[in-house]
Each structure stands twice: as C-alpha cells, then as structure tokens.
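Counting convention: from 1, in listed order, for ligands and their atoms alike.
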Amino acid sequence: MPGATDQTLRPFLWRAERLYPETEIVSRGHDGLTRYTYSEYSSRVKQLASALRATGVTAGDRVATLCWNHHRHFELYFAVTSMGAQLHTINPLLPTDHISHIIDDAGDRVVFVDPSLVETVTEALTATETDTITQFVVMDDSASASALDPIEDYESYLDAHESAFEWPALEETAPAGMCYTSGTTGKPKGVEYTHQMLWSHTMATQSPQGIPIDDDDVVLPVVPMFHVNAWGMPFSATAGGAKQVFPGPAPEPAELGSLIESEGVTIAAGVPTVWLGLKEYMTHTAVDLSTLERVVIGGSAAPESMIDWFDSHGVEVLHAWGMTEMAPIGTVSHAKAGLEDASAAQRRAKRAKQGLAVPGLEFRVIDDNGDEVPWDGEQFGELWVRGPWVTTEYFANESATAETFEDGWLKTGDVVTVDEDGYLEIVDRIKDVIKSGGEWISSVELENAIMGHDGVEEATVVGVGDDKWQERPIAFVVADDSASRDELTAELEASLTEQFPKWWVPDAFEFIDAVPKTATGKFAKRVLREQYDSTDQFDTSPSAKAPPEE
Ligand code: AMP
C-alpha cells in the first residue's frame, strides 16, 4: 500500500515544524532582511498549497519557478512537492530560446517569477505556442502591469487562503522535482526527480561522509535554488532543523560577507567563482569568517589555492562533485580514516580531488576499450555512476536517453582517475580533453596550476585546432595589476615547464578581462574556442613546443 511509509519529502517538513518551531529562516530582499520561524514557514507552506489547489493544481502538475534564492522560493520547495505536484525550477540565466523550449517541453501549469525576471519570461513565452499555463505569480507584495496574464502578486495569492491543508498520501515514485541540464551544446534536457530520489539524496548527504547539516548549523546556499535545488541544501537543512539564510538576487561579495557575519553562518555552498569574488573582496575589506566552519565548493573544480586560502581562515573546504542528472551530489572530498599519518601535503592533495563516492552510490571508470581502469590515480576513463538518486532517463527524449544511459548506469561524460584510496579526480569533460599529436593533455590540471600562480585571478585552458598536432592548448588568463603581462607569461611558462611535460605548456597565454561563464557558472570554453578560431584578435603563430613524435 503506498503512502504511509514511502520515502517522501514531507517528513522533513513535519520534523522542522514540530521539533524546531522557533528556528529561523532569514531571507535577503530588495528592502532588507525578512526573518521568520519554521513554525511560520510551515503555515505559509500550507497556505500556498491551498492557493495552488484553488488554482486547480493537482497531483502530477508542474509548477515552474524563475526565482533567485529567497524564502518565497523555499516555500514552494515544500508546498508544491508535498501536495503531490512537481516543482520545476528554471535557470533564468539561460538563453531565452532555451527557456522557451524548457517551458514548452515541460508543459508547466503555473509559473512563479521574480519581479526582475518578468521580462525574461514574457520574452520566452512570445517565442512559444505553449498553452498550458493558467496562472502567473510574481514574487512580491504587489504586481505591476505586465503582459503575463492572469498575474497576481505572491502575498495576495497566499492571503486569500487558509493555512490549514490536509496533505494527501503520496507515493515515492511520484515526480517531485524537475530541472533541465544546461547543455553547452544542443537543447537542454529535462531531468525528473521522484520523491524517493530526493529523499535518498537528502539522507545520503546528511550522512557523515556527505554534507551533514545539524540543528546548530546556519546554512547559506549561494548556489542558486534554480540549479538542482541548490544542491539539495534546502531539503537537507530542513531535515536537520538548521537555520537557513537565503542571500536573495545576485549577492555581491560584500553582501555575502555581511550575511556571514550578521547571521553567524556555519556552512555555505557555491561555485568557485563566488568564492573567488569573496577572496578578492577580502584583499581590501575585512570580513569576520570566524563562525564559518565549512564551505562546500562544486560545479567546477575548486582550485587548490582556494582550499589553502580557506584553510588559512580556519574554514574547511568540502570539495564536491555532482550533476543535474544525480540530484546532484556524487562525491565529497573528506579525509579518509588511515590518512592521519600521511603528510600535510598528501592530505591536502587528496582533499583537492573531487573525493569519495557518498554512501549509496556505485561507480566504475571505463576506458576507450570498454574496460574498467585500475585504481592507480593515473589511468583515466569515463565515469559511470548509478544509485537511488541517479536518474535513468531524460524527460521525453529517447535519443538522448539512449546515448547517455546503459544498463542502469549514467555515463557522466566526465573523464576521471581513481587513486588507490578510491578518491576520484576529474581530469576533464570528454569534450574538453585536449588531444595533441595523439597524446592527451588535461586542461583542468593546467588551469589549476595557472590559477595557483601569484598575479592570476582566474584562468582557463582550451584546445584549439592545429594543422600539425590536431589540437594545442591555449591559456586564457585574467591577471591582476601586480605584474606586467610579459613577465607573467614568462613566469607561467617557466613554472608549467617545471610541473608538466614540455608539450603540455600552452602555445599562448592570452590575457582577457573575465572568463566567460555558462548559465551555471562554469567556464564557457566553447565561446573562447570559437572566438580564438574565428578571429585574428589572438596571435596564432605556431609554437616551438610540440608533443612527442608518434
Ligand atoms: P551540472 O549538471 O550543470 O551541474 O554540471 C555537471 C558537471 O559539472 C559535471 O559533469 C562536471 O563536469 C562539472 N562539475 C561538477 N562539480 C565539479 C567539480 N567539483 N570539479 C570539476 N567539475 C565539476
């Protein structure tokens, strides 16, 4: 019989409401901080569920959000899922035609949108014929005139309803969430999360080898709530009864610093770019990080220099790897028992890797011949994963499903090594691997080394076409003003020559103002590769360096 004992999200809400009624939820908005308790949260969640039901939302309907990180978005996290509908978070930073495709493909019924994103939604909808949407709700206390119709403001939408709601029985196989992968090529692909997937992800990340959150923690998810449920943190923080702090739209380093100080944040999560911003800000303005115990860094590789910088402030970095297809956490880099006797340098090298599979997951690493590679930290192959929170299909997309999944395994497209202790290290995306003269170069290792150099703020390395060697690496560097570019180039060449085979050293170091980023904050290498190939803005003179003769 479904329902009573199924693995659904609702017990997490029940627990926070009953065990931690006075614990706070804090949210930064355009007019300052909103602050209330889990008890008030829970009654607003029920009000919202009543409102959605009055709009006609029933089990299986999709409710879309285009919202930043704030308390109203968090209310949707539990209201939509607990009433049996599906929370479909949309990344507003995607190109408009991708947003059009996503709304159309998902057939959303209601759309919740932040005031600053009303125009984005309006534009996206003019490009589709979609006719499934029956209500727009703007995340504010008043709705200004808009082409979206019918539209209501969030507070009026809630006010008209009671905070009593009889939650229906739910099955764990019912879809609870949805997020589209922001593919750098092709149209985004939909991933659905069932209750059971989100429940098991929450429980696994709550384990000591995941990203455990306790009732004395203060959690700051800087990672967007539109991107794979902010790595599941709003669910795991509720399960753990922690205080939650939502940083609002596009928080600047100064605002993050001030939230960390004023709210006593103990654990924060975000992509490396966010922490680079804070690090840079702290070169001229002091921020008290003394309450901060852990920072979760993922989405892209955490540079070792960043791990060291946090260490020097007494903050432990948990380097994590994951994907939209796996809700998203796959590995976390904890120090394994037995490493106590290793040198500090060895321990740090382990922590800088993407880490150990969290309990509940299995993985294998498959080479070009379809064989599993040995766990020697050297040989690499494609990472395949499977587990209770890993999807086995894309939404309504048979061809992409056939390409990406095999016998229940998700083929991640990430190229990795595994060392003898089981630590995974991402060496590249399959499509970013640089093949030079038939030999392989890791763009990620080069990037890490360049970013660890004084005077470099950010750097990326891409492979560009080369007549002789098929591909050669080119480094794109964002430098600070401390060194001349010629000097920095000479220093980088010397340092990389020491650390890597000579033919790994990039043919050119191009200085740019900022590394272009994708909608999820990853380096947009394709943009740089195309710019480099299509313009003579960069010097493409052939290099003296070359890969080994075959
Ligand atoms: P997304 O589905 O948008 O979350 O992107 C998932 C991809 O981001 C992975 O397949 C990796 O290529 C990359 N990624 C995520 N976390 C890390 C990490 N810690 N280090 C390097 N790459 C990462």
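A donor-acceptor pair under 3.5 Å is absent between the side-chain atoms of H195 and the main chain of A176, judged by distance alone.
Within the 4.0 Å heavy-atom criterion, neither part of P328 lies near ligand 1. Of the heavy atoms in Q354, only side-chain atoms (C-beta onward) come closer than 4.0 Å to ligand 1. When heavy-atom distances to ligand 1 are checked against a 4.0 Å cut-off, S300 comes that close only through its backbone atoms N, CA, C and O.
At the shortest separation from atom 11 (C) of ligand 1 among protein heavy atoms lies D414 OD2, 3.2 Å. In terms of protein heavy-atom proximity, atom 8 (O) of ligand 1 is closest to K522 NZ, 3.1 Å. The protein atom (non-hydrogen) at minimum distance from atom 21 (C) of ligand 1 is A301 N, 3.2 Å. In terms of protein heavy atoms, atom 13 (C) of ligand 1 is closest to G299 O, 3.4 Å.
The only member of Q470, E471, R472 that meets side chain to side chain donor-acceptor pair (under 3.5 Å) when paired with S436 is R472.
Shown in contact with A320 at under 4.0 Å from a heavy atom are these atoms of ligand 1, numbered in order with element: 16 (N), 18 (C), 19 (N). If you number the atoms of ligand 1 from 1 as listed, the ones under 4.0 Å from a heavy atom of R429 come out as 10 (O), 12 (O). Close contacts between ligand 1 and T324 involve ligand atoms 1 (P), 2 (O), 3 (O), 4 (O) [criterion: under 4.0 Å to a heavy atom].
Ring-centre distance between Y180 and H88: below the 6.0 Å cut-off.
Other residues, nucleotides and ligands contribute over 12 non-hydrogen atoms within 6.0 Å of the CD atom of E340.
Any N or O atom pair closer than 3.5 Å counts here, and H227 shares at least one such pair with ligand 1. At a 3.5 angstrom cut-off on N or O pairs, V228 does not count as close to ligand 1.
Using a 4.0 Å cutoff on heavy atoms, G322 counts as a contact of ligand 1.
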If you apply the rule salt bridge (charged side-chain N to carboxylate O under 4.0 Å, His left out), what do you find for K411 with E382, and how did you get there? CA-CA 7 Å; K411 300 193 263 183; E382 186 184 14; 5.9 Å; no
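Taking the six-membered ring where the residue is Trp, F246 and F74 present tilted rings, their angle falling between 30° and 60°. Between H73 and Y77, the ring planes lie perpendicular to each other; the angle is over 60°, past the 30° to 60° tilted range.
In this structure, K353 pairs ionically with D419, as a charged nitrogen and a carboxylate oxygen lie closer than 4.0 Å.
Listed by chain and residue number, nothing satisfies the side chain to side chain donor-acceptor pair (under 3.5 Å) test with H334 (two or more places apart in sequence, or in another chain).
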